[in-house]
Colleague: 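Supplied in structure tokens, the structure appears directly below.
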Amino acid sequence: MVLKKVGVVGGGLMGSGIAQSAAQAGYHVLLAEVNQELLEKGMQRVHGAWQMLTGKGKITTDQAAEYKERIHGTLRLEDFSDRDLVIEAVIENLDEKRKLFKTLDGIVPAGNIIASNTSSLPIMEMAAVTAREGRVAGLHFFNPVPVMKLVEIVKSIATSDQTVEELRQFAVSLGKTPIVAKDTGGFVVNFLLIPYLLSAVRMYENGVASMEDIDTGMKLGCGYPMGPFELLDYVGLDTTLYAAEAIYKEYPDPAYAPPTLLRRMVQSGRYGRKNGKGFYVGAD
Ligand code: CAA
């Protein structure tokens, strides 16, 4: 089927980035949030990005105006009753996601795809509460969404080949490169990235080196754009912890066990850039 109307649930960093990318690619986008304040924040993030791109001369003011016309906000999931594709990007909490999938299943036309941007939770657990398990898949974007070229398509044991193919075409239409992964903890990227980030925290806990030196080591020694502590602040300490816990649940290997320092940082409300408190940001 030809996808035209896209719904995105959740206007946080990931959801607003997905909405921005889809609107730029020509889709009509409806972005849903739970209250007016969060909705305005999400829409503002998207409009702010287009303002930044206009200021840099990367898009024209006419293009920015055209993109803006293609994206609208809503507080009512019922408005998704005409969507060809819905992508959820809400909090990484399985109960919340299952509740949302059940609600969406009663609203989004039967036969249309409902995808999750989860970074590590089992897709099958979400598909199981719907009456369309073949039309549910993971569609995992990377932060910052408009810049990062990868999308992981996650195929549960029930996802149909047609669903994977339609999502592959959708990802390509956004200018992304899709890869297909099985519905196993961490999929491809986080299965490798999360233990690397956790190891960096353990090295720092054990006094092997300072955060700055560990970051410099990986940037200059391996050519990474950010060191692990910069990336932890960027991705979110809470997001990293939830992903680690989800993977550890499936693979109880010490490499995936969240280190105490990461737990304490999250328990104390240090989430990274998103709330201005993390390893570097907001540090005394
Ligand atoms: N829309 C379009 N373009 C945007 C944009 C937006 N919203 N935000 C930034 N850009 C563009 C900028 O215009 C800029 O373009 P030019 O270089 O052509 O001017 C470019 O992106 C880079 O932006 P900046 O100059 O602001 O920043 P930078 O050069 O320091 O790069 C970075 C920032 C892209 C984040 C880079 O540091 C990087 O690649 N870091 C690693 C990010 C990473 O690893 N992400 C994956 C995290 S893991 C994850 O997301 C999965 C998970 O489940 C946890």
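Start at 1 and go down the list; that is how both ligands and their atoms are numbered.
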Colleague: So if I apply the side chain to side chain donor-acceptor pair (under 3.5 Å) rule between Glu66 and each of Arg70, Gln63, Lys68, which one comes out positive?
Modeller: Arg70
Colleague: What residues, two or more places apart in sequence or in another chain, satisfy salt bridge (Lys or Arg N to Asp or Glu O under 4.0 Å) together with Lys219?
Modeller: Glu230
Colleague: Can you pull the salt bridge (Lys or Arg N to Asp or Glu O under 4.0 Å) pairs that have at least one residue in residues 194-214, sequence neighbours excluded?
Modeller: none
Colleague: Hey, what do you get for NZ (Lys155) to CD1 (Ile123), rounding to the nearest 0.5 Å?
Modeller: 13.0 Å
Colleague: Heavy atoms under 4.0 Å from ligand 1: which residues qualify?
Modeller: Gln20, Ala49, Met52, Leu53, Lys56, Lys58, Ser119, His140, Phe142, Asn143, Pro144, Pro146, Val147, Met148, Asn190, Leu193, Pro225, Met226, Leu231, Tyr234, Val235
Colleague: Taking C-beta and beyond as the side chain, do Met265 and Val201 meet within less than 4.5 Å on heavy atoms?
Modeller: no
Colleague: Could you go through residues 249-256 and list every donor-acceptor pair under 3.5 Å that involves a side-chain atom there, pairing it with any protein atom two or more places apart or in another chain?
Modeller:
unit_1: Glu250; atom_1: OE1; unit_2: Gly185; atom_2: N; d: 2.9
unit_1: Asp253; atom_1: OD1; unit_2: Ala255; atom_2: N; d: 2.8
unit_1: Tyr256; atom_1: OH; unit_2: Phe191; atom_2: O; d: 3.1

